[in-house]
2 protein chains.
Amino acid sequence: MEKTTVDIERAANVLKLLGDKTRLTIIGLLKANECCVCEFVEILQMSQPAISQHLRKLRDAGLVKEERRGHWIFYKLNDTNDIYPLVSEVLEHIPDQTEKLEALEKSGKRIQCN
Amino acid sequence: MEKTTVDIERAANVLKLLGDKTRLTIIGLLKANECCVCEFVEILQMSQPAISQHLRKLRDAGLVKEERRGHWIFYKLNDTNDIYPLVSEVLEHIPDQTEKLEALEKSGKRIQCN
DNA sequence: TGCATATATAAGCATATTCTTATAAGATTA
DNA sequence: TAATCTTATAAGAATATGCTTATATATGCA
């Protein structure tokens with residue numbers, strides 16, 4: 001809800017990152033949860049390198065943070081960022097993605113990473 | 001401020017359109033004003049075909065509407081659209097673009113289209 | 001009707017993007 | 001240390017994007 005304004009070039013770059021269905025879904029999933037790479041692979045039905053490359057772009061732009069826990073690397077939204085208010089606002093306008101995580105949990109594929 | 005949710009694929013497509021500095025500036029200019037093509041050409045310092053092609057994309061996606069007045073075609077934001085709330089919210093996070101129009105007006109180049 | 005003005009469209013090219021496959025790197029466990 | 005698991009990176013190919021130049025279309029006016 002904060003009204004922070006960012007440079008138009010930076011805003012365009014962030015929006016371009018969000019302007020990809022895969023990345024927007026990733027960010028949508030991270031709105032309510034931390035996720036590890038293998039979960040994205042499972043939910044989005046894409047190859048692990050493809051997911052990793054999307055995550056790298058999001059990380060390079062400061063939209064997400066990573067944290068290793070044993071074998072797994074968990075990603076979460078970076079809320080200490082000048083563009084977080086914009087990202088957060090965008091997320092208000094897309095459908096909740098948590099059901100996808102729940103479906104994953106039901107199928108038993110989430111447990112392995114925890 | 002409305003909380004309308006759009007399909008994630010449609011949202012991604014809209015964000016991709018906004019994820020270009022030229023188009024984001026165009027939309028930013030239209031937030032407070034109608035503009036004709038030649039004004040965009042002048043402000044953005046780009047060729048007329050390049051501007052026209054950006055406007056076509058924005059129009060095809062329903063983000064803007066056009067209206068011919070004599071020689072000129074004026075563009076304005078399409079606020080009767082399911083994605084307008086998203087677009088509008090994004091605009092809250094970028095700097096005001098109207099100063100660019102004012103500068104154009106001062107240089108006397110805006111008058112010709114009115 | 002003929003010409004000028006503003007805008008749109010088409011084709012082509014350079015660059016960017018997003019996958020794929022192959023491989024490397026970091027962490028855990030036997 | 002060796003084997004295994006998870007993730008990252010690199011290289012290459014297919015496709016998408018955004019410009020340029022050339023041309024078409026629509027309107028207004030002499």
Side-chain angles (χ1 to χ4, degrees), chain A residues 8-9 12-27 29-30 34-61 63-76 104 108-114, chain B residues 8-9 12-27 29-30 34-61 63-76 104 108-114:
Chain A
I8 198 158
E9 189 146 14
N13 286 337
V14 169
L15 294 169
K16 181 185 289 183
L17 285 176
L18 298 179
D20 172 278
K21 192 185 174 184
T22 300
R23 286 191 297 263
L24 187 56
T25 306
I26 287 176
I27 295 289
L29 285 163
L30 293 179
E34 298 186 353
C35 296
C36 72
V37 180
C38 58
E39 291 173 318
F40 293 129
V41 170
E42 195 61 43
I43 290 173
L44 295 164
Q45 289 290 300
M46 292 178 62
S47 75
Q48 177 268 316
I51 294 292
S52 259
Q53 285 157 11
H54 282 300
L55 288 169
R56 178 169 49 173
K57 289 186 182 186
L58 294 173
R59 178 165 30 86
D60 288 351
L63 273 72
V64 303
K65 286 193 265 194
E66 60 176 40
E67 178 187 320
R68 181 179 276 276
R69 292 189 212 142
H71 280 307
W72 301 279
I73 297 182
F74 283 78
Y75 282 84
K76 59 178 140 187
L104 192 68
K109 287 178 181 164
R110 192 162 195 222
I111 301 158
Q112 63 189 27
C113 326
N114 287 318
Chain B
I8 198 160
E9 189 146 14
N13 286 336
V14 169
L15 293 169
K16 181 184 290 182
L17 284 175
L18 297 179
D20 172 278
K21 191 184 175 185
T22 301
R23 286 190 297 263
L24 188 56
T25 305
I26 287 176
I27 295 289
L29 285 163
L30 294 179
E34 299 186 354
C35 297
C36 71
V37 180
C38 58
E39 290 173 318
F40 293 128
V41 170
E42 196 62 43
I43 290 174
L44 296 164
Q45 289 291 300
M46 292 178 63
S47 75
Q48 176 268 314
I51 294 292
S52 261
Q53 284 158 13
H54 282 300
L55 288 170
R56 179 170 46 174
K57 289 186 183 187
L58 294 172
R59 177 164 31 85
D60 287 351
L63 273 72
V64 302
K65 286 194 265 194
E66 61 175 41
E67 178 188 320
R68 182 180 276 276
R69 292 187 211 143
H71 281 307
W72 300 279
I73 297 182
F74 283 79
Y75 282 83
K76 58 179 140 186
L104 192 69
K109 288 178 182 165
R110 193 166 192 220
I111 302 158
Q112 62 190 25
C113 326
N114 289 316

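What you see is a predicted model, and the numbers here were worked out from it, not measured in a lab. Letters A, B, ... mirror the listed sequences (proteins, then strands); counts begin at 1.
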Cation-pi check, B/R69 onto B/F74 ring (under 6.0 Å, within 45° of axis): yes
Could you tell me the separation between the [atom1] atom of [X] and the [atom2] atom of [N], rounded to a whole number of Å?
X	N	atom1	atom2	answer
B/L24	D/dT17	CG	P	17 Å
B/E66	D/dT25	CD	C1'	13 Å
B/E67	C/dA6	CD	P	18 Å
A/E34	D/dT7	CD	P	14 Å
A/K21	C/dT18	NZ	P	15 Å
A/E42	D/dT7	CD	P	12 Å
A/R56	C/dT18	CZ	C1'	12 Å
B/L18	D/dG18	CG	P	12 Å

Upstream residue (5' side of DNA chain D) when A/R59 and A/K16 are each assigned their closest nucleotide: A/R59
Given DNA chain D, 5'-ward residue of the pair A/A50 and B/G19, judged by closest heavy atom: A/A50
Residue closer to the 5' end of DNA chain C, B/Y75 versus A/D20 (nearest nucleotide): B/Y75
Compare side-chain N and O positions of [X] against OP1 and OP2 of [N] and report whether any pair is under 4.0 Å apart.
X	N	answer
A/S52	D/dT7	no
A/K57	C/dT17	no
B/H54	D/dC19	yes

Terminal axis angle for the helix from C/dT1-D/dA30 to C/dA30-D/dT1, five pairs an end, nearest 10 degrees: 10°
Annotated protein contacts, base or backbone, on nucleotides 22-30 of chain C with a non-hydrogen cut-off under 4.0 Å, one of B, S, - each: B---BBS--
Side-chain donor or acceptor of A/R56 paired with backbone N/O of A/L58 under 3.5 Å: no
Donor-acceptor pair present, B/Q53 side chain and D/dT20 base, under 3.5 Å: yes
